[in-house]
J.: 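Here it is, the structure, as structure tokens.
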Amino acid sequence: MLRRADINSPKEGRKPSSSHARSIEREETVGTAGAMVHPQHSSLLPKRIILVRHGESEGNLSPSAYTTTPDYKIPLTPQGIAQARHAGDQLRSLVSGGGRAAGWRVYFYTSPYERTRSTLREIGRSFSRGRVIGAREECRIREQDFGNFQVEERIKAVKEARERFGRFFFRFPDGESAADVFDRVSSFLESLWRDIDMNRLHIDPSEDLNLIIVSHGLTSRVFLMKWFKWTVEQFEHLNNLENCEFRVMQLGDGGEYSLAIHHTEEELREWGLSSEMISDQKWRADARRGEWNEHCPWYLDAFFDVFADSDDNAGEGDDDACA
């Protein structure tokens, strides 16, 4: 099982030695159903972590719904219910290998909002009770807070201001910024890995575990940003998920999660990933846990213009630069 420290790794700025990499390779074991075990723990890594946006809501259909109904009480439309049921069929087909896989189970996390809980309820129709380990309401993966009752014309003007200011740092009056959502999603990830490390999810080593997180569009994008260490600039170019669309983070043979195992390059590009981000996803599909992608510029090179040639001349430069 991954430790919480692994979420923020690789060990910042350090590339593991070849002997360390070989040590990891020797220590890795495989469960009877092919589930990977963390080299220093007995707990299993989930095979997939799947982010699902809720179905179409009354607020998606008409922003005027927010003027009289609290955001967290906005319900699904009939179309949203149908989308959620269809998503359930798709998810079951995915995690069961089209019905060919035998040993698999699912665990659900959901935002407390009415539209996400209703989406989960409809998704659940596609799974037998024996396949579902459990479900948990998790407040930290709720929608970005836009304030309380929203005056339609005012919120329209505020969102236009957000486009000029920047989507990540703009904070809605009496609400949140995407940066605020990032902080609580980061806290959720800490708890998520503690749940797995301590086997609170009751994982059977003979079965593949699939974590399905039913949440919101921005929250899901922030989740991916945190996980893959994307920059604010990269986040700004991401496109939102459609209603009941999902993103599949699948475990590669080496222990890294990647979007490029289940999804095509065309899909990743449509979602707003740059060529460099797509290359990193492809690298992750085969990379060993703890390896360092030297070709990933936002891990290091993007922050510097030039390095000193050696330690001897480090700090030397134009004497007039600090004048």
Side-chain angles (χ1 to χ4, degrees), residues 1-4 6-7 31-38 41-55 72 76 80-81 83-97 99 101-143 184-216 219-220 223-224 226-227 244 246-251 257 262:
M1 175 42 40
L2 296 178
R3 294 162 295 178
R4 287 184 293 124
D6 292 328
I7 294 295
T32 57
M36 182 172 289
V37 181
H38 189 273
H41 295 264
S42 60
S43 43
L44 298 173
L45 295 166
K47 182 173 183 177
R48 300 178 188 89
I49 300 173
I50 305 173
L51 304 172
V52 185
R53 187 189 176 197
H54 59 80
Y72 70 93
L76 294 180
I81 292 173
Q83 289 171 339
R85 291 183 181 178
H86 180 60
D89 292 340
Q90 291 179 307
L91 289 166
R92 178 183 168 82
S93 178
L94 167 63
V95 301
S96 69
W104 61 270
R105 298 184 79 188
V106 294
Y107 192 99
F108 293 100
Y109 289 89
T110 182
S111 157
Y113 280 36
E114 172 64 26
R115 54 188 179 271
T116 45
R117 291 196 52 155
S118 295
T119 298
L120 173 59
R121 189 175 300 114
E122 299 305 322
I123 287 174
R125 293 174 180 270
S126 297
F127 296 88
S128 66
R129 177 63 185 87
R131 294 292 187 180
V132 180
I133 298 174
R136 182 181 306 173
E137 180 179 287
E138 175 50 69
C139 196
R140 288 170 292 182
I141 57 173
R142 68 187 185 275
E143 175 67 287
R184 54 179 165 84
V185 166
S186 299
S187 172
F188 166 66
L189 278 173
E190 296 261 344
S191 300
L192 176 66
W193 287 112
R194 279 197 298 272
D195 285 347
I196 300 171
D197 275 334
M198 300 177 68
N199 200 23
R200 291 171 178 161
L201 307 184
H202 307 291
I203 305 169
D204 186 332
S206 67
E207 297 176 325
D208 287 328
L209 172 65
N210 299 271
L211 298 182
I212 301 178
I213 301 172
V214 184
S215 185
H216 307 265
T219 308
S220 297
F223 184 104
L224 294 171
K226 168 63 178 176
W227 188 287
C244 276
F246 48 84
R247 305 283 189 261
V248 180
M249 300 164 53
Q250 187 157 322
L251 186 66
Y257 286 91
H262 177 76

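Computed from heavy atoms alone, side chains included, the values below leave out hydrogens, waters and symmetry copies. Only a predicted model underlies this, so the values are computations on that prediction, with no experimental measurement involved.
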J.: Donor-acceptor check, side chain of R131 to backbone of W104, threshold 3.5 angstrom: yes or no?
T.: yes
J.: Could you tell me whether the side chain of L224 reaches within less than 4.5 Å of the side chain of M249, counting heavy atoms only?
T.: yes
J.: Between T219 (side chain only) and R142 (backbone N and O only), is there a donor and an acceptor less than 3.5 Å apart?
T.: yes
J.: S220: what forms a side chain to side chain donor-acceptor pair (under 3.5 Å) with it, not counting sequence neighbours?
T.: none
J.: Please report the interatomic distance CG(N210) to CG(L251), rounded to the nearest 0.5 Å.
T.: 11.0 Å
J.: Step through the shown structure and confirm whether more than 12 heavy atoms of other residues, nucleotides or ligands are within 6.0 Å of OH on Y72.
T.: no
J.: Just to verify, which of L51, L192, I133 counts as forming a side chain to side chain contact (heavy atoms under 4.5 Å, CB included) with L211?
T.: L192
J.: Mind checking what makes side chain to side chain donor-acceptor pair (under 3.5 Å) contact with R125, not counting sequence neighbours?
T.: E122
J.: List for me each residue that meets salt bridge (charged side-chain N to carboxylate O under 4.0 Å, His left out) alongside R184, sequence neighbours excluded, and say none if there are none.
T.: E176
J.: Could you name each residue pair satisfying salt bridge (charged side-chain N to carboxylate O under 4.0 Å, His left out) that touches residues 44-55, not counting sequence neighbours?
T.: K47-D208
J.: Between W227 and W193, what is the ring plane arrangement, given parallel below 30°, perpendicular above 60°, and tilted in between?
T.: tilted
J.: What's the spacing between C244 SG and I81 CD1 if we round to 0.5 Å?
T.: 10.5 Å
J.: For the residue pair F246 and Q90, establish whether any side-chain heavy-atom pair is separated by less than 4.5 Å.
T.: yes
J.: CG/L91 to CD1/I212 distance, rounded to the nearest 0.5 angstrom?
T.: 5.0 Å
J.: Could you tell me whether the side chain of T119 and the main chain of G55 form a donor-acceptor pair under 3.5 Å?
T.: yes
J.: If the condition is side-chain contact (heavy atoms from CB on, under 4.5 Å), which residues does H262 pass it with, not counting sequence neighbours?
T.: L94, V248, Q250
J.: Kindly write out the residues that satisfy side-chain contact (heavy atoms from CB on, under 4.5 Å) with E138, not counting sequence neighbours, or none if the list is empty.
T.: Y109, R140, I141, F188
J.: So which heavy atom on I123 is nearest to which on A84, and how close?
T.: CG1-O, 3.5 Å
J.: Drop me the distance from D195's CG to D197's CG, to the nearest 0.5 angstrom.
T.: 9.5 Å
J.: On a heavy-atom basis, which atom in S126 and which in R85 lie closest, and how many Å separate them?
T.: OG-O, 4.0 Å
J.: Side-chain contact, heavy-atom cut-off 4.5 Å: H216 with S111?
T.: yes
J.: Once side chain to side chain donor-acceptor pair (under 3.5 Å) is applied, do any residues pair with E114, and if so which ones, sequence neighbours excluded?
T.: S118
J.: Side-chain contact test, heavy atoms from C-beta onward, threshold under 4.5 Å: evaluate it for R136 versus Y107 and give yes or no.
T.: yes
J.: Output all residues satisfying side chain to side chain donor-acceptor pair (under 3.5 Å) with R105, sequence neighbours left out; order by chain, then residue number.
T.: none
